[in-house]
Amino acid sequence: SKVQEQVRKSMLTLGKQQPDRVLAMCQDYLLKHPKLVVSHRVVILQTIELIAGCSIEEISSPRIKSIISLASEEMTRSKVIPDWQQAASNILVAVGNKHINDIMEEILSKFQPGVLPHFFVVQTLANLSDSNVYGMVPFLNAILGTMLPMLSMAKQDNMKWVFSSALCHFSDSILEYLANLDKAPDPTVRKDTFSTEICAAFDILFNNWLQSRESKLRLTVAEAVGSMCHLMSSDKLEEQIPKLIPAILSLYKKNNEHYIISKSLCQVLDASLSMGSRILETQLDNLLIVLHQQVSAPVDYNNPPTVKNHNEVLRCFSLLANSFPDRLVMFVLQKLENSNERSRMGSLSVLRHLINSTTSTMESKKLLILASIRQPMADQSNKVKKCVVQVISAMAHHGYLELEGGELLVRFIVQHCALPDTYQVNSLCLSALRTICDNTLHLLTTTVGRLADVLWPKLLYYLTPPQYSNATTPLCKSLIVLGNKKKNNQEPSFNIDFKQEGRRHWCKVQLYRMLYVSRGHGMPSLALLQILSASIHPKTESLWEKEIPPLLLLSKTLATIDDDKWVCQLAAEATRYLPTYNLALEEKSFLYRCIGVTLQQCFNKEVVKKQLQEILLTARHNDAVEREGVAMGIGLCANSHLEGTLAKLDEFGKSDAFKKSPSIFNLLKDRNDVEVEKVKSTLILCYGQVALNAPPEKILNRIDQDILRCISKHFNTKFSDPFSCCYVHTVQDFIKAEPADSMRTPVRHLVMNTCANLLYPSVCFFCFLDQNMVSFHNLGALLGRLSPRCSDPHPAVRAAAMDCIYSLLYIQLRYEGFALDYKDEAVDSLLLLKDKLENPDYSVLYKTCSDLTKVHQAKRLPQQQLTTLVFMLFEGLVDSQTNCCRASSVILNTLLKNRGGGLQELVAITCMQPYLTKPLVTLLHLYRISTHRACLFLSLSVFWTCEMWMALGADPIVANQIIEMVMEKILIMAPYVEMKGPMLRGGTTKVATNQSLAVSHKTFTDISSSVDELKGLVRSIHMFQGIRYNCSFVLKCVVYRAMAKHAGPRLPAIVECLCPSLNNIYECQRVTVTAFFSELLNHHVVTELMLIDVLMNNMMERISDPCCAVRMLSVRGLGNIAIGSPEKVNILAHFHTYKCTHSLWATVQLHCSCRDTHRLLLLASLPHQENDEIRCASIHLMGNLSKFGSGEPVFKDQIHNVLVSLLLHLVDPNPQVVKACKYAMRVCAPVVGSEQITTMFQNHLHDDKSLHYGEFINDLTKHLVRDTRMKTSIPAWLVVGKFASFQNGFGFCPFLFSVLLHKLFCISSIISVQQLCSSCCT
């Protein structure tokens, strides 16, 4: 148990300091208690073992011998009791590490010839041979001679097992001794010394015991036989091999645990091969078959024995490979041809092990292995492929990949670096296999130097084919390592000639591929481009060294190259590769943009037209991602070729792509409509991108005639508002997906600018549309997203948000039918408010948001959009930016005040201000969703939401209904859940559930923020009987005090309702009720209402509560009685039992403040009580409180008041009271203020020593007088003391007090006679 473990640790700590004394104590205790329970005895024996193990050098020789005798006696006292006797045996082993001769003298006395020894005597000898090899081996010859006759006497399986285990340990110790003769005390020891005894024991174990039915015994015998083989003579072992190996192999079928069998077989093979056995070759075929079955068994890496068995089997193969390499390699390669997954995986494991462990032996087999590995490379099993990758890794380290055919192995790894992320049931997933290949390629690049010329530059050409696109990152990383190494070493092979056949187009195509930065390819690709810059084009080297580290700009690269022919070829190559990315649309979209940038730098107009034509005709218009990519690419091209781009778009608009193909009976009409509309969408998007990217001075003259005219031809009201569908939704998603740490990046600013740029051109576009088109249904949602951003911490974001709102409101005016040149004063006044957004003061920003809502959104927003706006603002309350959350609250408040009447029909309950009720109730429901939202709502309460909750508290009807709703929700909620605590502390932590915390805490925190409103709430709510289960996380100190002052008539009903909750299973409810009762005891009203007894009894019961917080609060409540009802303090004392006081101290140790200590002093100063237990416990509590209150003046005064009483009770009739007085005076002595008195108390007041009271008082009074010589009189506290001592019923107190005064008077000549007379009269 934990207690026993702690006791053992404590005794070990003492034992390290005084080992002899602690060991003697343990030994005496065991001898005096022969019938001690086994578990207790085991703990003491284990303690002795630990002390002997760590302090063996410091233990005296006599004590060592007595401990050896004790352990030997304990070990052999009765029949086998494992725990007890194992603990005693461990003591002997621990002592034997230093005192082997003494141990052997004792053990051998119980190991006599002709008598079967005790089980643990043999076990101890075995363990000693392991722990002290050099000390035990000299004894083993004699021990083996004594043991041999005993083997035939052993009839029980447990004795056979222990003898077999001992022989195994003895053999291992002898082999270790012989292997380290240079360190051995006797270097003359030879293997022949033990051969005779070992051979005799081998015959008994192998011929008789190995055939046992008990599997545990068979395994132990097999293990012993394996260890003994190394000590047998060569002739004997050669004779036994034909029988021994088949016998061991047969054990695989008889036992489920194979590790020990494989270990034994490995030892037998090692011994046989080391002596040059010739008979072993006759067993080879059978051996290989069985070993291959074992190595093919699945390995469970969570089960160590299976891993150990696999390693031992591989070791057997490596032993056989050194003696029979040809037969073994042919056997393994033949097994590779087997299509069975397990068999092939086992063969690959053996092959990998042989390549790594027998390098010289396998040197001549390299080409054969290279040819044979191709067959498993074609296997479809991912597990087999994993094994193949591991074999390739081993081959790479030993020069296989440099031979002919090694390139196929590299290709195999690269192919599997490009695997997709899919999952295979009951097999290794592709992503895991791909990760293994990635790591292997990196390993080969960084650790195998000889592969540099094999991998460079061949890995480059795997970057171009699309089937290897997923391998871009690992390929780039490997090429970066290789390139840097060759560049630093100035190797000629670093420079690559791309003009060779087969390499000519590589650099142009790969330039685009490396620019695409998704899927983690970006940084490695850019770094590789920087290394290859000189080989790609001579002019790129200086630019890329400067530009690539921060960002690669394709246009800068092409401008630097300044080779029109090269750029045209680049664009053509990129266009030709577009179909290869049909399965990777994001990359294809990026390639369209790259082509657009490239065409900007291409000055051959015919080439530009040709590439644009090919892009428009081959694009797959049904896919939205590709449509956007095409449009962006054409728009970028228009930056340099506006005339040609518009001409090509106009030509494309008149082409057959916009004509419906004829169909029989119009059966395919719908399908063709859809296809044509998709092409129209692409064309409209292209015109939009052209307008966005073209030079402003050129595009203005072309908008009306070339862009809007062409768009109006293809616009169809069936697909209304294409700009809204294609752009506004996308921008809205950007705003919604804004990251929490966006202040560090310009993303939000860019999104706002994009929104403004997209919305403003659409104002011009709407004048061409039919006036009967659908309403601008996204206005409310967009305003709800954008409005809170007007208080964003970033000034540019605030300005961009205002621009977006300005454009949105003008778009709404276009929808309402106003002309393009119409100017609205209210909307234009936004420009004035925009200037205020430059002020960083948040109060100004919030006021601006409120003005914006009053003047503009409140008037221009259609009524049907109001609900959408409100709920979008609700979502804004949990924005990642705190300032935007508060702005949402401001906008909500303002919007509801101005247009709350429009929500009248949505309000579920009515009140004096109906426009406030629905948002408040909705907020409660919204903020229950997550703890984050609940905490966020608390932060908002400082501003405007507090006004809403105060409005609820001011109206009795609304307050009643809201509280009913909240209580109804809390009744069905669990108050908390238990969650796993921090790793360092462990255990569980009780965490309030999100819903109960959000609802209950929010309701009462906000309402109680105003005492006046709280009074109204308390007087209006008549349902406190329902609080019983709802008090958790609700009531605060301010609520308790307010209820005590203003809810007096209702307190009896409240107390009666809450009393049962003191026994509730939830700690939070017990804590809350106890805190409430504790605060009530601080007010006199409970005495007037006759609640004092009920509350006091409940506090006394809660002192023994298992929760420390409850105990602390109950102590505080009992202390509050001294303030609220001081007349009850004496009554409380009669309940102050011994157990109660100790419970108080246990609570004080955990939670005690200065205020609590001051109150507890009233409970502790009761030494005059007639009850012995109360008197003793009170004095103890007084001493314990000195740890908390020694620095407080009130504590010092209290000590002065009770010191005389403590002195008198030093001769109390009850010895426990005397001990308590001594303890209290010792710990409180520093408070008296005299160093001499403190020293005197520490030296004389010991619990276990008698006290000569007269001399003690005489010396004490001398110190008192000496310490006050410089004063006019002895302090009044010293003379007057606690005169209750004369009236407390103890006859000895008046007499002793008189003696004390007499001695004081005799010694002191300066004592005040007036004080003395006053004392005596009293």
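In terms of heavy-atom proximity, Cys790 sits nearest to Arg798 at O-CD, 3.1 Å. Between Val625 and Ser589, the shortest heavy-atom contact is O-OG, 3.9 Å. Nearest heavy atom pair, residue Thr868 against residue Ala781, reads CG2-N, 3.7 Å. Residues Ala819 and Arg814 share a closest heavy-atom pair of O-NH2, 2.7 Å. Nearest heavy-atom pair, Val1073 versus Leu1058, reported as atom, atom and distance to 0.1 Å: CG1-O, 3.6 Å. For the pair Leu873 and Ser888, the tightest heavy-atom approach, listed with the atom from each and the gap, is O-CB, 3.7 Å.
A distance-only check finds no donor-acceptor pair linking the side chain of Arg789 to the backbone of Ala801 [under 3.5 Å].
The side-chain heavy atoms of Asn883 and Leu845, taken from C-beta on, include no pair separated by under 4.5 Å. Counting only heavy atoms from C-beta outward, the side chains of Pro788 and Asp879 never approach each other to under 4.5 Å. With contacts defined as side-chain heavy-atom distances shorter than 4.5 Å, the pair Leu783/Met872 does not qualify.
Among residues two or more places apart in sequence or in another chain, the salt bridge (charged side-chain N to carboxylate O under 4.0 Å, His left out) test is passed with Lys834 by Asp803. Residues passing the side chain to side chain contact (heavy atoms under 4.5 Å, CB included) test with Asp835: none are found, sequence neighbours excluded. Applying the side-chain hydrogen bond (donor to acceptor under 3.5 Å, both in side chains) test to Thr894 and every residue at least two apart in sequence or in another chain returns Ser850. Listed by chain and residue number, nothing satisfies the side-chain hydrogen bond (donor to acceptor under 3.5 Å, both in side chains) test with Ser791 (two or more places apart in sequence, or in another chain). Qualifying salt bridge (charged side-chain N to carboxylate O under 4.0 Å, His left out) partners for Arg1070, counting only residues two or more places apart in sequence or in other chains: Asp1105. Every side chain to side chain contact (heavy atoms under 4.5 Å, CB included) that Val844 has, sequence neighbours left out, goes to Asn839, Asp841, Thr848.
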>> As a quick check of understanding, evaluate side chain to side chain contact (heavy atoms under 4.5 Å, CB included) for Leu809 and Asp824, giving each step before the final call.
In response: CA-CA 10 Å; Leu809 293 177; Asp824 187 279; over 6 Å; no

> What do the steps show when you test Leu1113 against Phe1077 for side chain to side chain contact (heavy atoms under 4.5 Å, CB included), and what is the final call?
Replying inline: CA-CA 9 Å; Leu1113 290 169; Phe1077 286 2; over 6 Å; no

>> Test side chain to side chain contact (heavy atoms under 4.5 Å, CB included) on Thr1072 and Gln1069; report intermediate values, then the result.
In response: CA-CA 5 Å; Thr1072 307; Gln1069 297 192 10; 5.7 Å; no

>> side chain to side chain contact (heavy atoms under 4.5 Å, CB included) for Gln689 and Leu685? Distances and angles first, verdict last.
In response: CA-CA 6 Å; Gln689 288 291 330; Leu685 285 173; 5.6 Å; no

> Would Arg785 and Glu875 count as a salt bridge (Lys or Arg N to Asp or Glu O under 4.0 Å) if you check the C-alpha gap in whole Å, the side-chain angles of each, and the deciding distance to 0.1 Å?
Replying inline: CA-CA 9 Å; Arg785 298 286 188 196; Glu875 293 187 16; 3.3 Å; yes

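Here Ile891 contributes atom CD1 and Leu852 contributes atom CG; the two are 7.0 Å apart, rounded to the nearest 0.5 Å. To the nearest 0.5 angstrom, Ile805 atom CD1 is 5.5 Å from Leu786 atom CG. Atoms CG and OH, on Asp851 and Tyr846 in that order, are 15.0 Å from each other to the nearest 0.5 Å. If you take CD1 on Ile811 and OH on Tyr806, they are separated by 12.0 Å, rounding to the nearest 0.5 Å. How far SG of Cys849 is from CZ of Arg886: 13.0 Å, rounded to the nearest 0.5 Å. The OG1 atom of Thr1074 lies 5.0 Å from the CG atom of Leu1062; values are rounded to the nearest 0.5 Å.
Taking the centre and axis of the six-membered ring of Tyr810, the NZ or CZ atom of Lys823 falls inside the cone set by 45° and 6.0 Å.
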